[in-house]
Each structure stands twice: as structure tokens, then as C-alpha cells.
Amino acid sequence: MKKTKSNLFGVIGLGRFGTALAITLAEAGKDVIVVDRNEDKVKNLRQYTEYAFVTENLSKEALKEVGIHNCDTVIICIGERIDTSILTTLNVVSLGVPHVIAKATSQEQGAVLEKIGAEVVYPEWDMALRLGKQLAYNNFLDFIFLDNQVEIQQVPVGRRMVGVSVQDFNIRRKYSLNIIAIEHNKATDIEVSPDYRFGADDIVVVIGKAENVKRFERDMTE
């Protein structure tokens, strides 16, 4: 298969995670090579991509034959079979793929995959963390979890902020956070003036490290 690396993705392993990922990329207009040993799973993906291959053997030669080496990014979605995951990741990295992402089901597996040269994701862990945050911090109206360090969250204004201007409160200095929007009277303002004074019913949308967001939220509830 001859394709340029631009905009070409590879997905190896069509479990629930790999299938959802491949469909999402394809529906976004990306070219996707999908590989799995299960013929039915591969057949189901052929409505989304013409590059769907049944491959029992995930050796370097087999992966090169289906064109994985042409991809700019390859995601290995076979975290449950640890030995296969590690060997396949090693083969993809050795093919010279610039960006290799591997699913892991444990920290130990992830550590090995990182040493090989892959970026590691923990889908089950991340989903549990998101759900835990929603349950534990139900006063947050919404949040976006970017990674293990950075979050975007909506936090109701605390009494110590009411009547104080954005500039005087100086959330960046106090909490190392940035305000990216303020919700006031059911309207959202993304052009926040330094002279704006916080109202009692306002909600601030902040971005920053999770630990700083948590500290800010805690201070707002005291």
C-alpha cells in the first residue's frame, strides 16, 4: 500500500476502544489503516475505510505489508494481551513510525511501553478518573480533563471574590490559573476585562493544573 504519511493513521486491534477510535478518525475525514485478526471485526470497519486488513501475524514484515510504516501515527489497542502488545509496539517503533501510541491496562505494562518509545494511554483508568471527579465534585457544573495535570473547569464564584475586580483578585498570581471565560446572567463572556467585578452568581471557567484548580475550588467553598 502506497500512501504519504500526512493524515494517515493506523489502528491495530479492533476491540471496543480500537473500533471506536478508528470510526472516529474515519468520520473526521482521516485515512485509517485498521488491522485485526478477527475477520468479522475487520469486515465491519470496511464501511469506514478501504484499508482494513485481517492479519493473524503482527510481525514487522506483516505490518509493513499492510502499510503501517506509511502512517504518521499508529495506535496499538491490544492492551489486554500484554506480550502481544509489547511485541507489536516494538515492531511498529522499529518501522520508523513517528508517533506510536499504545494502550495499557497496568502501570507496569505502561512503563515497558514507554521504554520502547511509545506514548501510553490508560482508557479504563481515564474514564474512571473522569467519573470519579463528576461524583466527588458535583458542584462543578462541567469540566474538561485534558491529561493527568491540566483541567478546564467551571467553578462558582466564592464570597471572597464578590465585588472584586479580575485584576485585583489576580487568580494567576494566587493560584497559577488563567480565566478563559466568565458566565454571568446565563451569558458567557470570553473577552474578560481586567476591570470586571465578580458577581455573586457568576461562574468562572479556569484552566490550569488539577491541583491548583482543586485548591481554588476549595477556597471558593469556605
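Scored by the side chain to side chain contact (heavy atoms under 4.5 Å, CB included) test, K174 finds F169 as partners (sequence neighbours excluded). Under the rule for a side-chain hydrogen bond (donor to acceptor under 3.5 Å, both in side chains), D40 has no partner lying at least two apart in sequence or in another chain. Not counting sequence neighbours, the partners of R81 by the side chain to side chain contact (heavy atoms under 4.5 Å, CB included) test are R37, I78, D83, T84. With sequence neighbours excluded, the residues that form a side-chain hydrogen bond (donor to acceptor under 3.5 Å, both in side chains) with S85 are Q109. Residues that satisfy the side chain to side chain contact (heavy atoms under 4.5 Å, CB included) test with N44, not counting sequence neighbours, are absent from this structure. Shown here are the side-chain hydrogen bond (donor to acceptor under 3.5 Å, both in side chains) partners of S106, two or more places apart in sequence or in another chain: there are none. Here R172 pairs with N178 under the side-chain hydrogen bond (donor to acceptor under 3.5 Å, both in side chains) rule; sequence neighbours left out. In terms of the side chain to side chain contact (heavy atoms under 4.5 Å, CB included) criterion, residue partners of D195 (sequence neighbours excluded) are, by chain and number, Q167, S193.
For residues 99-109, every residue pair satisfying the salt bridge (Lys or Arg N to Asp or Glu O under 4.0 Å) rule, not counting sequence neighbours, is listed here: E80-K103, K103-E124. Applying the ring pair (Phe, Tyr, Trp, His ring centres under 6.0 Å) test to residues at least two apart or on different chains, none of the pairs has a partner in residues 178-212. Counting only residues at least two apart or on different chains, the ring pair (Phe, Tyr, Trp, His ring centres under 6.0 Å) pairs with a member in residues 203-222 are Y175-F216.
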Only distances under 3.5 Å count here; give the side-chain donor-acceptor pairs of residues 19-30 to other protein atoms, sequence neighbours excluded, each with its distance to 0.1 Å.
unit_1	atom_1	unit_2	atom_2	d
T19	OG1	L14	O	3.1
T19	OG1	G15	O	2.8
T24	OG1	A20	O	2.8
K30	NZ	N7	OD1	3.2

